[in-house]
Protein chains: 2
Amino acid sequence: MANKLLQSRRQFLQKAALGGTVAGSFSLPIWAAPPQVNYAEVLPESMRLPGRGFTNYGQPSSYEKDIIRWISANQDAPGNGVSWAPLHDLQGTITPNGLHFERHHNGVPDIDPANHQFLIDGLVNTPLSFSIDALKRYPQQSKICFIECGGNSNSGWRSTPSQAAAGYAHGLVSNAEWTGVPIKLLLHEAGIQAEAKWAIVEAADGASLNVSIPLDKLLDDAILALYQNGERLRPENGYPLRLVLPGWEGIVNVKWLRQLRLTDKPVMSRNETAQYTELMPGGKARQFSFIMEAKSLITSPSLGMQLPDNPGIYQVSGLAWSGRGKISRVEVSADGGQSWVKANLQQPVMDRAFTRFSLPWQWQGQYAVLQSRATDETGYVQPSREELTTKRGTDGFFHYNAIVSWEVTEQGDINHVYGF
Amino acid sequence: MANKLLQSRRQFLQKAALGGTVAGSFSLPIWAAPPQVNYAEVLPESMRLPGRGFTNYGQPSSYEKDIIRWISANQDAPGNGVSWAPLHDLQGTITPNGLHFERHHNGVPDIDPANHQFLIDGLVNTPLSFSIDALKRYPQQSKICFIECGGNSNSGWRSTPSQAAAGYAHGLVSNAEWTGVPIKLLLHEAGIQAEAKWAIVEAADGASLNVSIPLDKLLDDAILALYQNGERLRPENGYPLRLVLPGWEGIVNVKWLRQLRLTDKPVMSRNETAQYTELMPGGKARQFSFIMEAKSLITSPSLGMQLPDNPGIYQVSGLAWSGRGKISRVEVSADGGQSWVKANLQQPVMDRAFTRFSLPWQWQGQYAVLQSRATDETGYVQPSREELTTKRGTDGFFHYNAIVSWEVTEQGDINHVYGF
């Protein structure tokens with residue numbers, strides 16, 4: 001039955017494209033309820049006066065002042081915490097720089113790029129030091145990809161469903177165009193010694209954050225990012241220099257990058273032992289679980305939104321992504337997973353980037369449970385919460401990627417529910 | 001000769017990818033001149049202190065405060081003018097929202113979305129009026145594409161070459177992800193009458209800006225944009241609603257969209273008669289020249305930059321775009337067009353979007369004239385300035401897309417020159 005209520009968007013748009021015949025094949029209004037034009041209304045005030053002048057650097061409209069990153073920080077160490085991107089208020093696939101999620105361990109350092117040096121040493125033939133200006137002379141490449149904190153969605157491990165808005169539960173992930181120097185060029189310039197297998201990467205922040213990264217990833221597709229969505233990195237995203245490892249958890253996309261030391265083994269730092277590991281049912285922990293598995297989330301309609309008292313066709317829309325490659329399929333269910341319909345994927349679908357999916361949905365005031373399920377090009381299918389907790393237990397904190405269920409009541413309220 | 005100095009980037013990266021052998025095949029330093037690491041230097045100050053806390057909406061680094069849109073406005077009507085995107089300071093392909101170019105005829109109106117209505121009337125079966133909330137319920141699509149002012153680069157028509165920076169001469173073009181409702185859905189809902197051939201589109205700004213648009217374009221790929229790079233439109237880019245016509249000149253991408261009236265002929269408004277037409281050699285003018293033809297621009301190195309006294313390999317990088325589809329080829333010359341080498345195109349190359357091209361260049365202190373030439377998938381080749389002025393005369397103001405020549409002196413100064 002839910003199947004009948006979910007329409008293939010392609011099918012719908014094909015019908016719509018038939019033009020004249022559409023008025024016959026749909027009763028107006030199709031979606032919303034546009035009133036007839038009221039010609040009595042006067043011209044808007046904005047047409048009676050000149051508007052404001054130009055700006056050197058623009059800002060959002062004051063009417064959008066509530067579209068913000070939601071902050072959760074340590075009261076005693078305000079630079080230690082996170083801020084979530086409001087995915088439920090965004091559309092498309094690019095995350096604007098002002099709303100890209102943050103995760104800091106000891107705040108955002110103030111680094112003068114004129115004084116910043118990036119060092120490569122350890123198991124290399126020639127240790128090298130690069131100024132930002134020197135790096136800008138190298139070839140640069142761009143990659144539109146997501147970066148997701150390993151701890152994103154961790155409220156999912158709790159025994160009761162969090163009732164935070166979609167972005168404020170799952171928005172420790174953002175998608176941007178990162179541009180910079182392929183680090184393999186610099187490593188080859190320094191000369192990689194045969195015993196080198198890992199790199200110990202250190203940030204110039206107040207946490208002296210450091211992690212270990214397999215050399216193979218650095219030689220594959222790692223970028224020394226200088227630019228984010230066209231402009232220089234934002235301070236909270238690593239200005240003046242950030243390591244970007246497409247598809248890998250946020251912590252290894254080291255911000256405020258200062259040093260890369262080639263070694264034969266990992267350093268076993270706090271952020272790969274005490275943190276960013278997953279406690280398994282047997283009591284052992286998964287470690288170096290770098291890759292973010294396929295995941296999806298319906299952003300509209302989602303928790304906190306109220307469906308108006310106005311039955312008809314609604315657009316179900318959301319985001320899917322995978323650290324292993326392209327999203328190949330997203331299915332949507334309106335009956336808690338009993339039946340699934342393939343959603344439309346916004347083109348072009350890009351490797352390890354946000355993919356927007358959407359599907360028209362007939363809501364006639366019935367109770368419904370909306371879910372989305374992503375499959376990536378490796379064939380990996382996003383698990384249900386039951387499948388995930390069966391495999392990984394319930395003591396986890398990181399790498400939660402289970403299907404999210406939004407309950408829609410007959411009144412049009414939307415809640416987060418488990419058990420589907 | 002210049003041919004030998006320009007290397008295929010693919011070739012270079014393949015070499016670099018060979019790893020160990022590279023140190024042998026290149027003498028260090030390949031690009032810049034990284035000094036040996038100085039281990040005497042102390043830890044950066046930023047590692048000694050906690051950094052600042054989180055922000056609800058981020059801003060650029062204070063060290064980037066000079067990366068701005070350059071404003072040129074009418075002293076007596078400050079809302080009438082332009083601001084250029086600083087393309088010479090940007091990288092990648094996305095233009096961040098704060099730096100997207102502006103062109104206003106009477107300033108930026110302050111429009112409360114709660115009160116804004118979009119009207120469809122004229123030759124339709126049922127005139128309709130939509131609130132912003134009603135529009136948000138419709139299916140939305142995204143398109144990453146450029147928008148270019150018809151007057152971009154118009155200093156090229158002058159008899160002497162302008163010496164403004166690349167972005168401040170050619171930056172009335174920007175590239176963003178626009179998301180909104182395909183307008184054909186709404187037109188079909190209103191019911192298009194047989195005689196309808198054009199739409200008269202009006203803005204809610206202080207200029208009451210209006211233009212005529214062929215109905216076919218609206219039924220093809222026109223988007224009623226609500227979102228720009230993921231967040232709601234910026235005020236200067238049409239908040240709360242903008243018409244986006246991929247590949248067509250900026251003026252018809254109507255901002256602060258208020259009304260669309262279907263008609264059987266164009267309205268012949270000021271902006272399609274007195275303005276946004278091209279005076280031809282015979283004294284007649286081209287009108288309704290909507291499509292922006294293929295164009296390219298080297299952004300680095302470019303005017304105002306100084307090549308350091310440090311010969312070696314430099315990266316030549318720039319942007320190419322076409323209103324007719326995908327860029328199929330960009331060639332770069334270092335000898336004023338005597339010889340050309342194919343540049344690398346950043347993937348994925350998108351339809352009617354910025355395409356970043358790049359190529360390594362050997363500069364040994366020789367005099368050079370750098371040029372780029374774009375070809376799009378229709379086979380259209382960007383003209384030289386001589387070809388363009390021979391065809392269009394020298395009295396033009398709009399639609400200037402000729403090849404740009406940057407002269408590099410033996411001292412590493414870069415100037416804009418004609419005659420190549």
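Below, chains carry the letters A, B, ... as their sequence lines are ordered, and counting in each starts from 1.
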Best-contacting candidate, [options], against chain A by heavy atom pairs under 4.5 angstrom:
options: B:Leu90, B:Asp112, B:Asn97; result: B:Asp112
options: B:Ala176, B:Gly92, B:Pro301; result: B:Gly92
options: B:Pro109, B:Gly81, B:Pro348; result: B:Gly81
options: B:Gly206, B:Gly98, B:Ala207, B:Pro235; result: B:Gly98
options: B:Val108, B:Leu49, B:Thr95; result: B:Val108

* Asked: So what's closer than 4.5 Å to chain A heavy atoms on B:Asp351: side chain, backbone, both or neither?
  ->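 It is neither, since no heavy atom gets under 4.5 Å.
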
* Measuring heavy-atom distances to chain A, does B:Asn80 have an atom under 4.5 Å in its side chain, in its backbone, in both, or in neither? ->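 The backbone, not the side chain.
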
* Per the side-chain contact (heavy atoms from CB on, under 4.5 Å) rule, which among B:Arg103, B:Glu236, B:His104 passes with A:Phe54? ->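 With A:Phe54 as partner, B:Arg103, B:Glu236, B:His104 yield a single side-chain contact (heavy atoms from CB on, under 4.5 Å), made by B:His104.
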
Please flag which part of [X] lies under 4.5 Å from any non-hydrogen atom of chain B: side chain, backbone, both or neither.
X: A:Asn229; result: both
X: A:Val82; result: backbone
X: A:Ala203; result: backbone
X: A:Asn115; result: neither
X: A:Ser300; result: neither
X: A:Ile111; result: both

I need the [X] [atom1] to [Y] [atom2] distance, nearest 0.5 Å.
X: A:Arg48; Y: B:Ser208; atom1: CZ; atom2: OG; answer: 10.0 Å
X: B:Gln228; Y: A:Ile94; atom1: CD; atom2: CD1; answer: 12.0 Å
X: A:Gln140; Y: B:Ser317; atom1: CD; atom2: OG; answer: 7.5 Å
X: A:Asn106; Y: B:Met47; atom1: CG; atom2: CE; answer: 11.0 Å

* Side-chain contact test, heavy atoms from C-beta onward, threshold under 4.5 Å: evaluate it for B:Asp89 versus A:Arg232 and give yes or no. =>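 No, side chains not in contact.
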
* For residues A:Gln141 and B:Gln347, determine if any side-chain heavy atom of one lies less than 4.5 Å from a side-chain heavy atom of the other. =>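 Result no, sub-4.5 Å side-chain heavy-atom pair not found.
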
Mark yes or no for whether [X], through its side chain, and [Y], through its backbone, hold a donor-acceptor pair below 3.5 Å.
X: B:Glu231; Y: A:Pro96; result: no
X: B:Gln315; Y: A:Arg137; result: no
X: A:Arg258; Y: B:Pro44; result: no
X: B:Glu177; Y: A:Thr93; result: yes
X: A:Ser46; Y: B:Ala204; result: yes
X: B:Arg234; Y: A:Gly58; result: yes
X: A:Gln346; Y: B:Ser142; result: yes

Counting heavy-atom pairs under 4.5 Å to chain B, which of [options] comes out on top?
options: A:Thr179, A:Thr55, A:Leu209; answer: A:Thr55
options: A:Ala194, A:Gly107, A:Gly53, A:Pro60; answer: A:Pro60
options: A:Ser83, A:Gly79, A:Pro50; answer: A:Pro50
options: A:Glu45, A:Lys143, A:Glu102; answer: A:Glu102

* **Residues forming a side-chain contact (heavy atoms from CB on, under 4.5 Å) with B:Asp110, sequence neighbours excluded** =>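 Once residues adjacent in sequence are excluded, the partners of B:Asp110 under the side-chain contact (heavy atoms from CB on, under 4.5 Å) criterion are A:Tyr63.
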
* Nearest heavy-atom pair of A:Ile71 and B:Asn56: which atoms, and what distance? ->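 Where A:Ile71 meets B:Asn56 most closely, the heavy atoms are CD1-ND2, 3.5 Å.
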
* Residues forming a salt bridge (Lys or Arg N to Asp or Glu O under 4.0 Å) with B:Arg356, sequence neighbours excluded ->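 Salt bridge (Lys or Arg N to Asp or Glu O under 4.0 Å) list for B:Arg356, sorted by chain: empty.
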
* Asked: Quick one: is the NZ or CZ of B:Arg69 closer than 6.0 Å to the six-membered ring centre of A:Tyr57, and within 45° of its axis?
  ->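 Pair B:Arg69/A:Tyr57 does not count as cation-pi.
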
